[in-house]
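All values derive from a computational prediction rather than experimental measurement. Chain naming here is simple, since letters A, B, ... match the order of the sequence lines and numbering starts at 1 in each.
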Amino acid sequence: MEPLYKPQGIEELWQQTWEEEGLYAADPDPSRESFVIAHPPPNVTGDLHMGHALQLSLADALVRWQRMKGRNVLFQPGFDHAGIATQNAVEQHLALEGKTRQDLGREAFVERVWEWLHEYGGKIMLQFRRIGASLDYRRERFTMDDAYVRAVMRFFVHLYRKGWIYRANRIINWCPFHQTSLSDLEVVHEQRDDALTYARYPLADGSGHVTIATVRPATMLADVAVAVHPEDERYRELIGKEAIVPFAERRVPIVADARVEMGFGTGALKVTPGHDPMDYEIGRDHDLPELTVIGPDGRMNDEAGELVGLTQAEADERVLAWLKERGQLEKRETHRHSVALCARCERRIEPLISLQWWCRMDELARPAIEALREGRVRFHPESQHRFALRSLEEAPDWNISRQIWWGHQLPVWTCPDGHITVEETDPDACAECGSTELAREQDVLDTWFSAALWPFATLGWPEDTPDLRAFYPGDMNTTARDIIRLWENRMIFAGLELMGDLPFRDVVIHSTVNAADGGRMSKSLGTGLDPMETILHQGADATRYGLLKMSSAQDVRFSYGAIEEGRKLTNKLWNVSRLILANVGGARPEARPRALEERWILARLEATREELERDLASFDFARCVDRLYHLTFDDFCDWYAEAIKPRLYDGDEDARATALAALERLLKLLHPVTPHVTEEIWTNLPARSTRLIVAPWPEPDAAYADAPAGLDRVQEAAEIFRRSGVRVPLEDEERRIFEAVAKPERVASNGDADAEIERLRGEIVRAQQMLANERFVQNAPAKVVEAERDKLARYRRELDALSG
RNA sequence: GGGCGCAUAGCUCAGCGGGAGAGCGCCCGCUUCACACGCGGGAGGUCCCUGGUUCGAUCCCAGGUGCGCCCACCA
C-alpha cells in the first residue's frame with residue numbers, strides 16, 4: 001500500500017468486480033424485504049452533468065446502506081427517449097448533410113434516429129458506472145422498448161375508455177421549427193427588446209380613434225375586437241362602439257374586460273384570439289370569432305390575403321407602411337418584455353389555435369392529492385411537499401399530443417367517415433362502421449406521458465410479473481425541483497390509477513448545483529462543470545462525498561473545496577488503515593476494549609452509526625458526510641490512532657484485535673458514501689470472505705455503547721495544557737493516553753496561562769450570573785440549567801488546576 | 001404579478017434561544033518511523049439592517065435591504 005491513495009484504476013476495478021460478481025443484481029426474493037429506487041432515466045443522448053452526479057451519489061448512498069442492511073435492493077437503470085430533445089439532436093445532425101427530416105420522410109427519419117442512437121446513445125450509462133452507482137445494469141430499460149411501448153399504449157387506452165382523453169381546439173405553444181405543440185413546461189421565457197408600435201384604430205362612427213400598442217403589427221389582420229378596462233374613465237364612452245382594424249379594414253366591437261391593464265401602453269388592447277393566449281381567453285368570454293393569419297410554419301397564411309407567404313417580419317413592415325401612409329402610426333418605442341421560446345431550439349413560440357389531444361386531470365389527480373394530503377407520499381423538504389400538492393390541485397388539463405415524429409404514436413385510428421377507433425394494437429377495421437381503410441393518428445405522445453409509467457413499466461407492467469410483485473411499490477425517488485410537476489406528480493397519479501398503489505413513499509428534491517460564480521451551470525454559457533473531470537482527478541469517492549456535502553441547501557455554488565475534502569478523507573482513511581494493517585501482526589478483528597481509548601472509539605463508532613441512520617433516514621446527506629469526516633479525522637485518527645500507536649508497536653494483542661474491529665466498523669460506516677476506497681482497504685483486512693458492499697451493516701451493540709468519560713477528560717486536559725502549559729491531574733490510564741497524543745514538548749511554549757485563567761474567570765462569572773437569575777432557573781428547560789451547573793463546576797475545576 | 005429559498009471568518013458553508021464553528025485560503029513552527037495531499041500552533045467575525053418577544057436573540061416574530069431560483073397571459 002502506497003502512502004498516497006490513488007483512486008485511478010482502483011475505482012474502475014471495483015466497479016467492474018461488483019458488477020461482474022452480480023452484487024448489483026436484483027432478483028425477486030419473497031423472503032426478503034425489498035428496497036427499490038427506479039432512478040430517473042436520463043435522456044438517451046445525454047451526458048453526465050452535476051445534477052445527475054448529485055442524484056446518483058444521493059440515491060446510491062441509500063441503496064448501498066440498505067443493501068448492507070440486508071434488503072433486497074433494486075436500483076433500476078434506463079433511458080428516456082426524450083422526444084423533442086432527441087429529435088432535435090438528430091435534426092441538427094441531418095442539417096450537417098444539408099437535409100431536413102421532411103426530406104427523409106417520417107419512416108426513414110425514425111429509422112435514422114434509431115441508427116443514430118445505436119451509434120451515439122446510451123453512453124451515459126458508462127458514466128453512471130464510473131461514479132460507482134450500483135444499479136442493476138442487466139435491467140437497463142428504454143421507454144421505446146417494445147414492452148414499454150405496450151405499456152404506454154395500455155395507459156392511453158385506459159384513460160381514453162375512462163373518458164378522460166379528449167380532442168379539442170385550444171391555443172397552444174407552437175414551435176415553428178419543430179412544428180409541434182409544446183406544453184407550458186417545455187417553454188422558457190427570456191427578456192428581449194422589441195419595438196412597441198402605437199397604432200390608431202378609427203372609430204366606425206367617425207368620431208375619432210382609439211390607439212392601441214402592439215409588438216406584433218402583423219397580427220392586426222386577425223384582430224376581432226378592441227378591449228379596454230371596464231373602469232378606465234378614458235374609454236368609458238367607447239365601450240359598445242366599433243373600431244376599424246387597420247389594413248384588414250374590419251369593423252370590430254370595443255369590449256370591456258378586466259384583464260386589460262390600464263397602465264400598459266394606452267390602456268387599449270387589440271384582441272387577437274388566434275395568436276395570443278390572453279386574447280384567446282378574452283375572445284372566448286366575449287364570443288368573438290377566432291381568426292388565424294399565421295400558419296404552422298410561422299409565416300402568413302391564406303387568411304392573410306395579399307400578405308400570404310410573407311414572414312412575420314415582412315408582414316410587420318407592410319402593416320407599418322400601411323399605417324404610416326394613412327397617418328395611423330402614432331409612434332414606436334423600445335419595449336423590453338419576456339418572450340416565450342422553445343426550450344430546445346430557443347426559437348420564438350407561436351401561440352396558435354390547434355387541434356390537440358388532452359387528458360382531463362380532475363379525476364386522475366384526485367387520489368394523488370389525497371395521498372399527498374395524508375402524507376402517504378412525502379416530498380422532502382417540506383416546502384416542496386406543499387408545492388407538489390398545490391401543483392396537483394391546480395393542474396390544468398394535460399396536452400399530451402406532440403406533432404413530432406420521434407415518440408409513441410397515438411393508438412388512434414380514423415376511417416374515411418371520421419369514426420375514431422382506439423386500440424392498443426393495430427385494429428383490422430373501424431370499430432363503428434367496419435371500414436378497413438384506417439389511418440393512424442400522426443401525433444406522438446408527450447415524453448412525460450411514458451415517463452409517468454417508469455416505476456412499473458420497467459418491471460413488466462401490464463403483465464403480472466414476479467418482478468412487479470416483488471419490487472412494486474418502490475421506496476424513494478429523487479429529482480430536481482423543476483421535475484416535480486413534469487414527472488414526480490405524474491408517476492404518483494399514474495401509479496395510483498394503474499397499480500392501485502403509490503410508486504414510492506419519499507421524494508427527495510435535491511439542491512441545484514450552480515457554477516462557482518452563483519450563476520446557472522450551462523453548457524452553452526461554458527459555465528458547466530463536467531463531473532467526469534473530478535472523477536478522473538479526485539476520484540468517484542471524493543466526487544460523491546463533495547456532492548453530498550453540497551446537497552443541503554436549496555441552491556449551492558459548486559465548491560471545489562468540498563470535493564477536495566472528500567479526497568483528503570479517502571487519503572486519510574487509506575493511511576490510517578496502513579498504520580493498522582502494518583502493525584497488527586496475525587491478529588483477528590475482535591472488539592476487546594480493555595483500555596479507555598478502545599472503549600471510547602467503539603462507543604464513538606456506535607453513536608455515529610445511530611446518528612448516520614437518522615441522517616440517512618431523513619435524507620440529510622450533508623450532515624451525514626460531515627459526521628463521517630469528523631469521525632474519521634478527529635476521533636479515529638487524531639485521538640484513537642495516536643493513542644494506541646505505542647501499544648500497536650509493542651505488540652499488544654488486545655490493541656491490535658480491537659484496532660482491526662474498529663477499522664472494520666469505520667469502513668462499513670463510510671462505504672455508502674465512499675464505496676471504492678473502503679472496499680479496497682477491506683480486501684486487505686486479514687481473512688475476508690465477503691465483499692464490503694454486501695457485508696452486514698453494524699447492528700446496535702451494547703458492547704460498543706459503553707462510553708467512558710475518561711477520554712473526554714484527557715481531551716480536556718490536553719486542551720488546557722496546550723493553552724496554558726499547566727498539567728491537570730490525571731489517573732494513570734488517562735496519563736498514558738495523554739502522553740501519547742498531547743505532544744507536550746512542542747506545545748508548552750505556546751501556552752498562556754494568564755489568558756486562560758482570565759477566560760475561565762469570565763466564564764465562571766457569566767455562569768454564576770445565569771444561575772443566580774431566578775427566572776432563568778425556573779423557566780429554562782431543566783437540561784439547560786443542569787448543563788450550566790456542570791459548566792460552572794468544570795470551569796472551577798480547570799481554574800483550580802491552572803492556578804495550582 | 002405570485003411562490004420558495006438564502007444573507008455567519010478572505011472563499012464555500014454548518015450551527016439556529018444561554019460559551020461564534022468546519023473545510024479551504026493566510027501566517028508561524030515541524031522531512032516525529034500511517035499520511036508534508038501530513039502534524040502542531042495562530043491571525044481573522046457589529047452572525048445584512050431596524051424594531052418586537054424574552055431574564056437573555058446569530059437563532060423566534062414583524063418590517064426593510066440585497067441576492068438566487070421557480071411559476072405567471074403584460075399586449
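Closest contact between the side chain of A:Glu565 and the listed nucleotides B:G23, B:C74, B:A72 involves B:G23. Of the candidates B:A34, B:C74, B:G68, B:G68 carries the atom nearest the A:Asn514 side chain, counting heavy atoms from C-beta on. Comparing B:A34, B:A72, B:G5 by their nearest atom to the side chain of A:Arg386 picks out B:G5. Here B:G3 is the nucleotide among B:A34, B:A72, B:G3 with the atom lying nearest to any side-chain atom of A:Arg390. Of the candidate nucleotides B:C4, B:C39, B:A75, B:C4 has the atom lying nearest to any side-chain atom of A:Ser383.
Here the P atom of nucleotide B:C73 and the OH atom of A:Tyr280 are 14 Å apart, to the nearest Å. Summarising the geometry, the separation between CG on A:Leu569 and C1' on B:C24 is reported as 15 Å, rounded to the nearest angstrom. Residue A:Ile509 contributes atom CD1, which lies 14 Å from atom P of B:C70 at whole-angstrom precision. Here the P atom of nucleotide B:A72 and the CG atom of A:Asp276 are 15 Å apart, to the nearest Å. The separation between A:Phe387 atom CZ and B:C71 atom P is 7 Å, rounded to whole Å. Atom CZ in A:Phe633 sits roughly 21 Å away from atom P in B:G21 (whole-Å rounding). Between the NE2 atom of A:His510 and the P atom of B:C4 there is a distance of 21 Å, given to the nearest Å. Summarising the geometry, the separation between CG on A:Asp482 and C1' on B:G68 is reported as 15 Å, rounded to the nearest angstrom.
Straight-line distance between the P atoms of B:C48 and B:C59: roughly 8 Å, to the nearest whole Å. Comparing the P positions of B:C60 and B:G25 gives a spacing of 32 Å, expressed to the nearest Å. Taking atom C1' on both B:G18 and B:U58, the two are 13 Å apart, rounded to the nearest angstrom. Spacing between B:U46 and B:A9 at atom P, rounded to whole Å, works out to 9 Å. Atom P of B:C24 sits at a distance of 23 Å from the matching atom of B:C16, rounded to the whole Å. Taking the C1' atoms as reference points, B:G15 lies 15 Å from B:G23, given to the whole Å. Taking atom C1' on both B:G68 and B:C73, the two are 25 Å apart, rounded to the nearest angstrom. B:A72 sits 16 Å from B:G2 when the P atoms are compared, rounded to a whole Å.
Looking at RNA chain B, the stems built from 3 or more consecutive Watson-Crick or G-U wobble pairs, each pair with its key distances under 3.5 Å, are B:1-7 with B:65-71, B:10-13 with B:21-24, B:26-30 with B:38-42, B:48-52 with B:60-64.
Between the side chain of A:Glu2 and the base of B:A34, no donor-acceptor pair under 3.5 Å is found.
Atom-to-atom distance recorded for A:Ser383:OG and A:Ile509:CD1 is 9.5 Å, nearest 0.5 angstrom. To the nearest 0.5 Å, atoms NZ (A:Lys572) and CD (A:Glu565) are separated by 13.5 Å.
Two residues, A:Leu4 and A:Arg578, neighbour RNA chain B, and the one matched to the more 5' nucleotide by heavy-atom proximity is A:Arg578. Nearest-nucleotide positions on RNA chain B for A:Leu579 and A:Lys6 put A:Leu579 closer to the 5' end.
Contacts of A:Arg216 with the nucleic acid, taken as non-hydrogen atoms under 4.0 Å apart, are absent. Residue contacts shown for A:Ala213 include a base, since a base heavy atom lies under 4.0 Å away. Across all strands shown, A:Tyr629 has heavy atoms under 4.0 Å from sugar-phosphate atoms exclusively, and none from any base. Note on A:Lys270: nothing from the nucleic acid sits closer than 4.0 angstrom, heavy atoms only.
Between A:Lys568 and the phosphate of B:G38, there is a side-chain N or O to OP1/OP2 separation shorter than 4.0 Å. At B:C39, one or more side-chain N or O atoms of A:Lys572 fall inside 4.0 Å of OP1 or OP2 (strictly under the cut-off). Taking only side-chain nitrogens and oxygens, A:Tyr649 comes nearer than 4.0 Å to OP1 or OP2 of B:A34. Look at A:Arg259 and you won't find any side-chain N or O under 4.0 angstrom from OP1 or OP2 of B:A75.
Considering all non-hydrogen atoms of both residues, A:Pro3 and A:Trp574 come closest at O-CD1, 4.0 Å.
Of the possible polar contacts, none joining the A:Thr658 side chain to the A:Ala655 backbone as a donor-acceptor pair under 3.5 Å is found. Of the possible polar contacts, none joining the A:His229 side chain to the A:Gly267 backbone as a donor-acceptor pair under 3.5 Å is found. Using a distance-only test at 3.5 Å, with no hydrogens or angles considered, a donor-acceptor pair links the side chain of A:Ser511 to the main chain of A:Met550. Side-chain atoms of A:His286 do not come within 3.5 Å of backbone N or O of A:Leu288 as any donor-acceptor pair.
Under the 4.5 Å side-chain criterion, counting only non-hydrogen atoms from C-beta, A:Arg284 is in contact with A:Glu290. Side-chain contact between A:Tyr198 and A:Glu333 is present, with heavy atoms from C-beta onward closer than 4.5 Å.
Note on ring orientation: taking the six-membered ring where Trp is involved, the planes of A:Tyr629 and A:Phe633 are parallel (angle under 30°, cut-offs 30° and 60°).
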Give every pair of a protein N or O atom and an N or O atom of nucleotides 9-12 of chain B that lie under 3.5 Å apart, one pair per line with the distance.
from, atom 1, to, atom 2, distance (Å)
B:U12, OP1, A:Arg557, NH1, 3.1

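Legend: side chain to side chain donor-acceptor pair (under 3.5 Å) pairs involving residues 211-226 of chain A, not counting sequence neighbours, sorted by first then second residue: A:Tyr201-A:Asp223, A:Thr211-A:Glu330, A:Arg216-A:Gln312, A:Arg216-A:Glu350, A:Thr219-A:Lys270, A:Asp223-A:Lys270, A:Asp223-A:Thr272.
No more than 12 heavy atoms of other residues, nucleotides or ligands shown are found within 6.0 angstrom of CD on A:Glu2.
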